[in-house]
Protein chains: 2
Amino acid sequence: MSVVDLSKLAYPENNLRSFLDSVCETHELDYAAYAGMNPIAQSVHGVVNYPDAWQTRYVEQGFQTRDPVLTTAARSIAPVDWQRMRGDEAFKTVFREAHDFGIAEQGLTIPVRGPFGDVGLFSVTRNCSDDEWSKLKSKILGELQNAAVHLHDHVVHSHELTRVLSHPSLSSREVEILQWIAAGKTQQDVADILNISNRTVEVHLRSGRSKLGALTTSQAVGRAIGLGLVYPL
Amino acid sequence: MSVVDLSKLAYPENNLRSFLDSVCETHELDYAAYAGMNPIAQSVHGVVNYPDAWQTRYVEQGFQTRDPVLTTAARSIAPVDWQRMRGDEAFKTVFREAHDFGIAEQGLTIPVRGPFGDVGLFSVTRNCSDDEWSKLKSKILGELQNAAVHLHDHVVHSHELTRVLSHPSLSSREVEILQWIAAGKTQQDVADILNISNRTVEVHLRSGRSKLGALTTSQAVGRAIGLGLVYPL
DNA sequence: TTCCCCATACGGGATTTCCCCAATAGCATC
DNA sequence: GATGCTATTGGGGAAATCCCGTATGGGGAA
C-alpha cells in the first residue's frame with residue numbers, strides 16, 4: 001500500500017492543504033486530514049495539516065495501515081467520533097504518541113464512498129472538553145459532511161484524466177460475459193445463453209482478464225466488481 | 001429488481017415516513033424520498049412522502065429503473081442538483097408527468113454508500129424559483145447530507161440482524177484461501193503459500209462455495225467481496 | 001459419550017479452463 | 001488505404017478445477 005502525499009502534487013487552481021486550513025479556521029478546529037483509498041490501485045492518497053514531525057512519526061510507525069480510526073471508519077456509513085474508540089488498545093497506542101506532538105484525542109472521521117469502491121476519510125480534531133466537543137460537533141457536522149463529500153469528489157475527479165487513461169475499458173461483450181461468470185455460469189452456459197461459441201466466450205474472457213490485469217478469471221471477477229463494472233450475484 | 005416499500009414494514013420505535021416528513025417541515029421542503037439499493041439482494045428499498053397517486057404512476061411507468069436522477073446520482077459522489085438534468089430527455093419525460101401530481105423540478109438527490117456496495121439515494125424537492133432554491137440549498141445542504149447519511153445507516157443497520165442471521169460463516173481458512181484466489185493465485189499456488197496440500201485447498205474452496213451458495217469459485221469470490229469477507233486485489 | 005465444526009489429506013476420473021496460435025468481417029478514425 | 005478495436009470462430013493440447021467419495025484427529029458444547 002503506497003502512500004501518496006497529495007500536497008506535493010501541483011494543483012494550480014486548488015490547494016488541498018489550504019482547503020484543510022480554511023476548514024480548520026472556519027470551524028475553530030486544530031487539524032484536519034484527508035486520506036483517500038483506492039482498493040484497486042492499492043494506494044492511499046493523503047493530505048494533512050498536522051505538524052510535520054507527527055506526519056513523519058506516523059508514517060515511520062506504519063500507523064496508516066493499522067490506525068483503528070481509519071479501519072473503523074472504512075467500515076462505517078456514518079461519521080465515527082473518536083470518543084467511541086477510547087477503549088481500543090491500538091487507539092491508545094497511536095494517541096500516546098500523538099499527544100507528544102500536540103494532537104488531541106477529540107476528533108471525528110467522516111467516510112465518503114464513490115461508485116468504484118474508492119473511499120475518502122476526512123478527519124478533524126480539536127483539543128477541548130467532551131462538553132465543548134459535543135456542542136461544536138452538532139453545530140458543524142453538516143458542514144463537515146459537505147466538506148468531506150466535496151473534498152473526496154474533487155480528489156477523485158482531479159484524477160479522472162489519469163483514471164480514464166489507466167481505467168480499463170472493457171467492451172460491452174466483455175462486461176456482459178464477466179457478469180454471467182460472476183453469476184456462476186460456466187463458459188459453455190454463457191455461450192448457450194448468448195448463442196455464441198464457447199471459444200468466443202473464451203476470447204472475451206481472456207481479453208477482459210488482460211485489460212483488468214488479472215491472472216485468473218476469478219481475479220478478473222473480483223476486480224470488475226471493485227470497479228463497479230459488474231455486480232456480485 | 002424487486003421494490004420493497006419500507007413504509008409498510010413495522011418499525012415500532014422509528015417511522016421512516018415521519019422522518020421524511022420532519023425533514024420537510026424543518027427545511028420547508030415539499031417532498032422527500034429515500035431509495036436504498038442492495039446489489040447482493042438485488043432489491044430497492046424505498047420510502048417517500050409523495051402523493052399516493054404519483055407513487056402509483058411512478059411504479060406503473062417503471063420510472064424507478066430509468067429515472068435519470070437515480071441513475072446519475074448512483075454514479076456520483078457529490079449531491080446531484082436536478083437543475084443539472086433539465087436538458088435530459090428522460091428527465092423531461094418523468095417531470096412532464098410529475099407536474100400533473102404537483103411535483104416540482106426543483107430538487108436534489110444525495111447519494112450515500114456503505115462498505116458493502118449498498119447505496120442510499122435521498123431526494124428532496126421544493127417548488128420555488130431558481131434564486132430561492134439556490135439560497136435554500138446552500139443553507140440546508142449540510143443538514144441534508146447529515147440526514148441522508150443517518151437515514152441510510154439506519155436502514156442498513158435495521159437489516160443488520162437479518163443479515164447476521166443469513167450471513168454465511170466462513171472459517172478463517174476458507175476466507176484466507178478465497179482471498180488468495182481473489183488475488184489471482186491458483187489452487188496449487190495457495191497450497192505452496194500455506195504449506196498444505198492442494199487437495200486441502202480444494203476442500204476449503206468447496207466448503208466456502210457451499211456456504212456462499214455459489215456454483216463456481218469465481219462466483220464465490222464475487223459474493224465474498226460483496227459481503228466484505230475478502231477484497232479485490 | 002455424541003455431535004458438530006474445523007483442518008488436514010487422498011483416489012479416481014470427468015469436466016472445464018486456459019494457452020498459443022490462427023482467421024474473417026465490420027466499423028470508425030486518420 | 002492503413003490502423004485499431006470489436007465480434008466471431010476454430011485447432012490442439014496442457015493445466016487446472018471440480019465432483020464424489022473416503023479418512024483421521026482436535027476442540028468445544030450438550
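Convention: sequence-line order gives letters A, B, ...; per-chain numbering from 1. Not measured: the values here are computed from a predicted model.
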Pair A:Glu105, A:His99: side-chain N/O donor-acceptor within cut-off below 3.5 Å: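 Yes, A:His99 and A:Glu105 have a side-chain donor paired with an acceptor closer than 3.5 Å.
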
Qualifying residue for side chain to side chain donor-acceptor pair (under 3.5 Å) with A:Ser207, from A:Glu174, A:Glu202, A:Arg173: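 Filter result, single survivor: A:Glu174.
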
Starting from [atom2] on [N], measure out to [atom1] on [X] and report it in whole angstrom.
X	N	atom1	atom2	value
A:Arg206	C:dC21	CZ	P	9 Å
A:Leu205	D:dA7	CG	P	12 Å
B:Arg173	C:dC5	CZ	C1'	16 Å
A:Asp189	D:dC18	CG	P	14 Å
A:Gln188	C:dT15	CD	P	13 Å
A:His204	D:dG10	NE2	P	13 Å
B:Leu178	C:dC6	CG	P	14 Å
B:Asn198	C:dC10	CG	C1'	10 Å

The helix from C:dT1-D:dA30 to C:dC30-D:dG1: angle between end helix axes, five pairs per end, rounded to 10 degrees: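 Taking five pairs per end, the axes differ by 60°.
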
Which part of the nucleic acid, if any, lies within contact of [X], taking any heavy atom under 4.0 Å across all strands shown: a base, the sugar-phosphate backbone alone, or nothing?
X	value
B:Ser172	sugar-phosphate
A:Thr186	sugar-phosphate
B:Thr217	sugar-phosphate

Can you tell me if [X] touches the phosphate of [N], counting only side-chain N or O atoms and a distance under 4.0 Å to OP1 or OP2?
X	N	result
A:Ser171	D:dA7	yes
B:Ser197	C:dC10	yes
B:Lys211	C:dC5	no

Contact nearer the 5' end of DNA chain D, comparing A:Ser207 with A:Ile196: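 Whichever sits nearer the 5' end wins; that is A:Ser207.
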
Between the base of [N] and the side chain of [X], is there any donor-acceptor pair under 3.5 Å?
X	N	value
B:Arg199	D:dG21	no
B:Gln187	D:dC18	no
B:Glu202	D:dC19	yes

Does the side chain of [Y] come within less than 4.5 Å of [X]'s, by heavy atoms?
X	Y	answer
A:Met85	A:Val80	yes
A:Trp82	A:Thr125	yes
B:Leu194	B:Trp180	yes
B:Leu144	B:Ile110	yes

Over 12 foreign heavy atoms within 6.0 Å of CH2, B:Trp133: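 Enclosed: over 12 neighbouring heavy atoms sit under 6.0 Å from CH2 of B:Trp133.
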
Short N-O contact, A:Arg86 and A:Asp81, less than 4.0 angstrom: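 Not counted as a salt bridge, because no side-chain N and carboxylate O are separated by less than 4.0 Å.
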
